[in-house]
Asks: 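Let me begin by handing over the structure; questions about it come next.
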Amino acid sequence: MSTSGTGAGASTASASGFLRPSRMRVIPRRHVPAPSAACHSDSRRRFVSTMLSTLTLSPLLPLQPATASPSSSFKEHIDNFDGYTFFYPRSWIQVRGAGADIFFRDPLVLDENISVEISSPSSSRYKSVEDLGSPEDAAQKVLRQYLTELMSTRLGVKRESNVLTASQRVADDGRNYYQVEVNIKSYASNNELAVMPEDRVQKLEWDRRYLSVLGVENKRLYELRLQSPEKVFMEEERDLREVMDSFRVFKAID
């Protein structure tokens, strides 16, 4: 017994019992012309025009110095108006009215702090940090400045100072920086009014590490200062050196 279907898509049974497909109607594919060179040219012109319009409408932002991002232990301070930046420990707090351009200190160790000093724009015409002489010359000037600031009118006070290192480095911004490290110890007598010398015994009252990084930009001398008790510095040396190495100066906003 055989079966037959109706319609164009019906199949017929062969003698072996398998279905044999009937003839299918083939619909010819329409020819689609390839895009011409003119179309490619128009597309390129529209793309370039769009890009130029976007750049024209984008606001021009001041360029920031190219420094690495601080780790989770630090924050970054950027002063676009005076032209400098550095990292400082996240837990430190800013102290206003300290006399420096900016001042941060450890809230737990009050003798540990960092500040930035900038020469007057009206009285300085620095071209480079080499205007200070060699790193050793700069170190002597830095030491004299520290000793002047630490002068005391108390009787029986003696200061011992020592330049530990004086070096020059070229940072990733291409500028030269001087770095100076100084140790200063202060001794005070426990009985400065005593008549006999043996009764005027001087004892160590503090022992501190002072570090300065010097850089020149905007015709001004910038000095990053870090002060730390010697024992604390030994414990936190790695972090404190990262702070010093982060200091950069750059073109200030007029």
Asks: Looking at Glu242 and Arg238, does any basic side-chain N land under 4.0 Å from a carboxylate oxygen?
Replies: no
Asks: Looking only at the side chains, is there a donor atom on one of Glu223 and Ser212 sitting less than 3.5 Å from an acceptor on the other?
Replies: yes
Asks: Scan side-chain atoms only and decide if Asn183 and Asp207 contain a donor-acceptor pair under the 3.5 Å cut-off.
Replies: yes
Asks: Between the side chains of Arg208 and Glu230, is the shortest nitrogen-to-carboxylate-oxygen separation below 4.0 Å, so that they form an ion pair?
Replies: no
Asks: Among side-chain atoms of Glu236 and Ser228, is any donor-acceptor pair under 3.5 angstrom?
Replies: no
Asks: Please name all residues satisfying side-chain hydrogen bond (donor to acceptor under 3.5 Å, both in side chains) with Asp101, sequence neighbours left out, ordered by chain then number.
Replies: Tyr84
Asks: Does one hydrophobic cluster hold both Val163 and Leu132, with members joined at side-chain heavy-atom distances below 4.5 Å?
Replies: yes
Asks: Please list all pairs passing the side chain to side chain donor-acceptor pair (under 3.5 Å) test where one or both residues lie in residues 150-167, with sequence neighbours left out.
Replies: Ser152-Arg154, Arg154-Glu205, Arg159-Ser186
Asks: If we count only N and O atoms by modelled type, under 3.5 Å, do the side chains of Gln140 and Glu136 hold a donor and an acceptor together?
Replies: no
Asks: Among all residues two or more places apart in sequence or in another chain, which pass the side-chain hydrogen bond (donor to acceptor under 3.5 Å, both in side chains) test with Asp111?
Replies: none
Asks: For Glu181, is there an ion pair with Arg209 - N to carboxylate O distance below 4.0 angstrom?
Replies: yes
Asks: Going from CZ on Phe86 to CD1 on Ile78, what distance comes out if it is rounded to the nearest 0.5 angstrom?
Replies: 10.5 Å
Asks: Taking the six-membered ring for Trp, are Tyr210 and Tyr146 parallel (under 30°), tilted (30 to 60°) or perpendicular (over 60°)?
Replies: tilted
Asks: Does NZ or CZ of Arg169 fall inside the cone over Tyr177's six-membered ring, less than 6.0 Å from its centre and within 45° of the axis?
Replies: yes
Asks: Drop me the distance from Tyr178's OH to Lys141's NZ, to the nearest 0.5 angstrom.
Replies: 9.5 Å
Asks: One thing to verify: whether Glu117 and Arg220 come together as a salt bridge, which I'm taking to mean a side-chain N less than 4.0 angstrom from a carboxylate O.
Replies: no
